[in-house]
Amino acid sequence: MRLLFVCVGNTCRSQMAEGIARSLGHEAASAGTHPGSSVSVNALKVLESKGISTQKLYPKLVDSIDWQSYDMVISMGCGVHCPLIRIDQDWGLNDPVGSTLDVFENCATTIEENIRKL
């Protein structure tokens with residue numbers, strides 16, 4: 001399944017979702033409405049602790065993604081409003097930006113559970 005994960009900053013949740021989805025065999029990408037300058041260090045640590053490659057992860061603007069080529073577009077939460085793209089699911093996850101590694105790990109666990117249910 002081709003999955004696109006969107007959020008505001010594209011530095012934490014959606015990046016972890018992209019990496020986790022790829023590790024589970026999906027074709028995945030992520031993007032943000034207002035992407036940050038780099039992926040969160042804690043998001044990278046969590047993925048690396050799971051043996052997931054982080055080499056190709058970087059913040060991307062949602063407008064630069066061909067969202068129509070994806071089977072499902074998933075909002076991570078934060079009331080992301082992308083009027084020009086469809087949102088198939090909103091997972092309503094709290095943004096862990098600035099939080100402890102434990103918060104990121106819990107968020108990643110929820111993301112993995114959600115992806116496995118697709």
Side-chain angles (χ1 to χ4, degrees):
M1 186 180 316
R2 289 179 44 96
L3 304 171
L4 175 62
F5 300 97
V6 297
C7 65
V8 177
N10 190 220
T11 60
C12 300
R13 297 164 296 177
S14 56
Q15 292 288 342
M16 290 191 295
E18 177 180 347
I20 292 167
R22 285 183 180 173
S23 76
L24 295 173
H26 297 287
E27 187 173 333
S30 65
T33 56
H34 298 86
S37 59
S38 62
V39 179
S40 163
V41 171
N42 279 346
L44 295 173
K45 284 181 183 178
V46 167
L47 293 175
E48 289 166 355
S49 75
K50 294 176 173 288
I52 297 171
S53 174
T54 60
Q55 287 184 325
K56 296 182 180 181
L57 298 180
Y58 64 94
K60 299 164 283 299
L61 180 63
V62 73
D63 294 343
S64 68
I65 302 287
D66 177 17
W67 60 269
Q68 293 175 323
S69 68
Y70 289 86
D71 299 316
M72 187 172 287
V73 180
I74 300 165
S75 168
M76 303 278 66
C78 291
V80 173
H81 296 285
C82 304
L84 299 178
I85 71 170
R86 75 173 192 276
I87 300 293
D88 298 303
Q89 291 186 13
D90 184 340
W91 288 353
L93 301 173
N94 290 327
D95 192 347
V97 68
S99 298
T100 64
L101 190 57
D102 287 345
V103 173
F104 275 81
E105 289 170 344
N106 290 335
C107 184
T109 297
T110 301
I111 288 168
E112 184 172 346
E113 290 169 355
N114 288 348
I115 291 170
R116 288 183 183 279
K117 291 177 186 174
L118 295 177

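Values below: every heavy atom of this structure, side chains too, minus hydrogens, waters and symmetry copies. Because the structure is a prediction, the values reported are computed rather than measured.
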For Asp88 and Ile74, indicate whether the former's side chain and the latter's backbone hold a donor-acceptor pair under 3.5 Å. no
With sequence neighbours left out, write down each residue that passes ring-ring contact (aromatic ring centres under 6.0 Å, His included) with Phe104, or none if nothing qualifies. none
Would you kindly confirm whether Val6 and Tyr58 end up in one hydrophobic cluster when ILVMFWY residues are joined by side chain heavy atoms under 4.5 Å apart? no
Side chains of Phe5 and Arg13: closer than 4.5 Å at any heavy-atom pair? no
Is there a path of hydrophobic side-chain contacts, each under 4.5 Å between heavy atoms, that joins Ile52 and Leu44? yes
Please, which pairs that meet ring pair (Phe, Tyr, Trp, His ring centres under 6.0 Å) have at least one residue in residues 7-30, sequence neighbours excluded? none
Verify the distance criterion only: is there a donor paired with an acceptor across the side chains of Gln15 and Ser40 at less than 3.5 Å? no
Between Lys56 and Glu18, does any side-chain N to carboxylate O distance fall below 4.0 Å? no
For the residue pair Ser23 and Lys50, establish whether any side-chain heavy-atom pair is separated by less than 4.5 Å. no
Min side-chain heavy-atom separation Val62-Ile85 under 4.5 Å: yes
So, are Glu112 and Arg116 salt-bridged, with charged N and O less than 4.0 Å apart? yes
Is there a donor-acceptor pair closer than 3.5 Å between any side-chain N or O of Arg2 and the backbone N or O of Ser69? yes
Is there a side-chain contact between Tyr70 and Ile65 in this structure, where contact means two heavy atoms from C-beta onward sitting under 4.5 Å apart? yes
